[in-house]
Amino acid sequence: MRLSRYFLPILKETPKEAEIVSHRLMLRAGMIRQQSAGIYAWLPLGHRVLGKVQKIVEEEQNRSGAVQLLMPTIQSADLWRESGRYEAYGKEMLRIVDRHDREMLYGPTNEEMITDIFRSYVRSYKDLPLNLYHVQWKFRDEVRPRFGVMRGREFLMKDAYSFDLDQERAREAYNRMFVAYLRTFARMGLKAIPMKADTGPIGGDLSHEFIILASTGESEVFLDKSILDLPIPGEDTDFNGDLSEIVDAWTTPYAATDEMHDEAAFEALPEETKVSARGIEVGHIFYFGTKYSDAMNAKVTTAEGVDIPVHMGSYGIGVSRLLGGIIEASHDDDGIIWPTEVAPFHVGLINMKPGDECDPVCDSLYEQLENAGVEVLYDDRKTSAGQKFAGMDLIGLPWQLIVGPRGLKSGEVEIKNRKTGERESMSPEAAVAKLVAALKG
RNA sequence: CGGGCAGUAGCGCAGCCUGGUAGCGCACUACACUGGGGGUGUAGGGGUCGUGGGUUCGAAUCCCGCCUGCCCGACCA
């Protein structure tokens with residue numbers, strides 16, 4: 001993509017409403033624009049990252065055996081009356097009346113609807129287990145939206161819903177999501193730590209929040225630092241097999257948010273392993289048994305011919321929120337530092353002097369990299385060098401490839417690693433080889 | 001939902017106290033010089049002063065209502 005033909009409204013000054021770093025950087029890097037309190041337009045650069053994050057989420061959901069569908073944003077109030085939540089849900093639910101005076105709502109979540117879909121078609125235990133998920137925009141009319149996309153009113157969320165015959169098998173479904181989450185967040189360059197969460201009236205230990213550590217996090221967390229070094233399950237993980245060993249390994253070291261914190265247990269840890277920090281919740285997995293299947297009559301027939309309500313769980317990932325989380329966890333004074341897997345482009349190609357000898361070199365580099373599957377943002381604008389460098393650092397592409405008259409005198413171009421700041425001069429051919437190896441190797 | 005603050009050009013702000021027909025920096029346009037870390041100069045364009053009403057010869061400025069947004073707290077993915 002040529003920057004001269006792209007839409008990247010970079011801001012030099014920081015809009016005053018942005019308090020935390022991810023919000024500031026997303027506005028400055030031209031990723032989002034606020035349209036109302038807690039409601040954002042996704043500008044091209046932000047949209048690209050959002051798509052990449054969503055893709056990783058989908059790939060790992062699919063790998064774990066979940067099946068994707070898409071439910072609407074607008075729902076009927078009647079469905080929610082069945083579960084009793086139409087009355088129970090407070091002002092956070094955006095209620096709408098259509099032209100026929102029918103009561104509708106903009107969905108804050110989808111348990112009712114997925115249960116309705118399930119009960120309409122599934123009758124037999126033979127159709128289980130089943131895990132259906134979707135990635136859709138939701139709306140919660142938060143009293144006080146803030147922190148940019150970290151806590152907006154409109155947000156993109158992945159929600160999976162599992163259906164099983166009994167609690168034992170629901171636990172297996174839970175474990176599959178647990179492991180899928182470990183992989184999902186790791187692929188985005190994040191260390192997400194599963195922490196025991198409040199299960200409410202249902203009880204048991206089947207609820208975890210996945211938290212990433214960041215100084216601007218919303219909640220205080222306490223953990224045994226050994227959890228930070230646990231291995232991430234590989235691509236070859238068998239999701240049809242027993243995953244309890246992995247889950248056990250990840251749930252044994254102490255890790256809790258302040259709500260679930262056990263001061264005595266934490267204090268009993270050796271001093272050098274205790275970590276207290278702040279964290280951002282990016283995912284939540286939850287077993288809730290037959291709460292909705294009871295209320296909404298979602299039953300299957302067992303092998304014995306008895307009808308029983310299905311055991312359900314729900315598993316959320318805040319897709320749009322993750323962008324804020326990733327930036328909170330990965331930035332410096334100059335701007336964002338994207339992990340390669342979610343970077344809007346892989347390489348920022350900087351032409352120091354457009355309209356001159358640099359042009360053919362840049363054109364050739366651009367073509368070679370694109371042909372090798374490397375995504376390049378080519379800054380071909382006729383502006384000062386400083387603007388180009390500062391802009392590239394701000395938007396945080398993993399690599400910069402700098403072509404200037406000075407280097408070309410000796411037949412060299414320069415590569416800069418955004419994260420380490422290392423710069424290296426080499427021939428254009430070597431630069432292409434190195435970038436392709438680093439990005440595609 | 002309690003407490004506090006703010007709406008003046010795309011962004012950041014001054015002007016308001018003491019009423020007289022709107023200004024600064026950045027950004028934008030044109031040209032020139034530049035071009036290795038947000039460069040320099042010259043010349044320009046752009047504003048229903050959030051909104052409705054009131055006071056006044058005259059309101060960005062004073063008074064009242066409303067809307068919108070932000071910050072702290074409670075709440076929340």
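Residue numbers begin at 1 in each chain, while the letters A, B, ... track the order of the sequences.
The existence of a salt bridge linking A:Glu58 and A:Lys55 is excluded, since no basic side-chain nitrogen approaches an acidic carboxylate oxygen closer than 4.0 Å.
Within 6.0 Å of CZ on A:Arg171 lie no more than 12 heavy atoms contributed by other residues, nucleotides or ligands.
In this structure, A:Glu218 atom CD and B:rG73 atom P are separated by 13 Å, rounded to whole Å. When rounded to the nearest whole Å, the span between NZ of A:Lys388 and C1' of B:rG36 equals 11 Å. Note: NE2 (A:His23) to C1' (B:rG69) measures 12 Å, nearest angstrom. Put simply, CD on A:Glu142 is 13 Å from P on B:rC70, counting in whole angstrom units. In this structure, A:Ile212 places its CD1 atom 16 Å from P of B:rA77, rounding to the nearest Å. Taking atom NZ of A:Lys12 as the reference point, atom P of B:rG25 lies 14 Å away to the nearest angstrom. Summarising the geometry, the separation between OH on A:Tyr315 and C1' on B:rA77 is reported as 17 Å, rounded to the nearest angstrom. To the nearest angstrom, C1' of B:rC75 lies 7 Å from CD of A:Glu92.
Under the Watson-Crick or G-U wobble criterion, with both distances below 3.5 Å, B:rG38 has no partner in any strand shown. Using the Watson-Crick or G-U wobble rule with both distances under 3.5 Å, B:rU56 pairs with nothing in any strand shown. Of the nucleotides present, none pairs with B:rA14 by Watson-Crick or G-U wobble criteria with both distances under 3.5 Å. In a base pair of the Watson-Crick type (N1 to N3 plus N6-O4 or O6-N4) or a G-U wobble (N1-O2 and O6-N3), with each distance short of 3.5 Å, B:rC75 is matched with no nucleotide. Across all strands shown, B:rC5 forms a Watson-Crick or G-U wobble pair, both distances under 3.5 Å, with B:rG69. Nucleotide B:rU48 forms a pair with no other nucleotide shown, judged by Watson-Crick or G-U wobble geometry with both contacts under 3.5 Å. The pairing partner recorded for B:rU29 is B:rA43, the criterion being a Watson-Crick or G-U wobble arrangement whose two distances lie under 3.5 angstrom.
Aromatic ring pairs are classed by plane angle as parallel below 30°, tilted from 30° to 60° and perpendicular above 60°; the pair A:Phe163 and A:Phe118 is parallel. By the 30° and 60° cut-offs, the orientation of the rings of A:Phe286 relative to A:Phe288 is tilted. The aromatic rings of A:His311 and A:Tyr287 lie parallel to each other, their planes meeting at an angle below 30°, with 60° marking the opposite boundary.
Residue ring and nucleobase are not stacked for A:Phe389 and B:rG38 under a centre distance beneath 5.5 angstrom and an angle between planes beneath 30°.
B:rC57 sits 49 Å from B:rU40 when the C1' atoms are compared, rounded to a whole Å. Straight-line distance between the P atoms of B:rG4 and B:rG46: roughly 42 Å, to the nearest whole Å. Only the P atoms considered, B:rG25 is 11 Å distant from B:rG41, to the nearest whole Å. Rounded to whole Å, the C1' atom of B:rC63 lies 11 Å from the corresponding atom of B:rA59. Atom P of B:rC13 sits at a distance of 35 Å from the matching atom of B:rU55, rounded to the whole Å. Distance noted for atom C1' between B:rG52 and B:rU68: 15 Å (whole Å). Going from the P atom of B:rC72 to that of B:rG65 covers 27 Å, rounded to whole Å. B:rC70 and B:rG45 are spaced 35 Å apart, taking the P atom of each and rounding to whole Å.
Of the candidate nucleotides B:rG36, B:rG69, B:rA77, B:rG69 has the atom nearest to the side chain of A:Ser36.
Taken from OG in A:Ser320 to CD in A:Gln54, the straight-line distance is 10.0 Å, to the nearest 0.5 Å. We find the CG-CG distance between A:Asp393 and A:Asp333 to be 11.0 Å, quoted to the nearest 0.5 Å.
Note on A:Arg151: every side-chain N or O is 4.0 Å or more away from OP1 and OP2 of B:rA77. Within the 4.0 Å cut-off from OP1 or OP2 of B:rG35, not a single side-chain nitrogen or oxygen of A:Arg381 is found. The side chain of A:Gln34 places an N or O atom within less than 4.0 Å of a non-bridging phosphate oxygen (OP1 or OP2) of B:rC70.
Across all strands, A:Gly283 comes closer than 4.0 Å to no nucleic acid atom at all (heavy-atom distances). Residue contacts shown for A:Lys416 include a base, since a base heavy atom lies under 4.0 Å away. A:Glu19 comes within 4.0 angstrom of the backbone, heavy atoms only, and of no base. Across all strands shown, A:Gly90 has no heavy atoms under 4.0 Å from either base or sugar-phosphate atoms. Residue A:Lys91 is in sugar-phosphate contact alone, with no base atom involved, counting any heavy-atom pair closer than 4.0 Å across all strands shown. Residue-level contact check: A:Gly404 touches the bases, meaning some heavy atom is under 4.0 Å from a base atom. Across all strands, A:Ile317 comes closer than 4.0 Å to no nucleic acid atom at all (heavy-atom distances).
Ring-centre distance between A:Trp80 and A:Tyr89: below the 6.0 Å cut-off. Ring pair A:Phe210/A:Phe178: centre-to-centre distance below 6.0 Å.
Under the side chain to side chain contact (heavy atoms under 4.5 Å, CB included) rule, A:Arg119 has a single partner from A:Asp116, A:Ile117, A:Val122, which is A:Asp116.
For B:rC76, its base never sits under 3.5 Å from the side chain of A:Arg140 at any donor and acceptor pair. With hydrogens and angles ignored, no donor-acceptor pair closer than 3.5 Å exists between the side chain of A:Arg146 and the base of B:rG73.
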Distances under 3.5 Å only, N/O to N/O: pair up the protein atoms with those of nucleotides 5-13 of chain B.
| residue | atom | partner | partner atom | Å |
| --- | --- | --- | --- | --- |
| B:rC11 | O2 | A:Glu13 | OE1 | 3.3 |
| B:rG12 | OP1 | A:Lys16 | N | 3.2 |

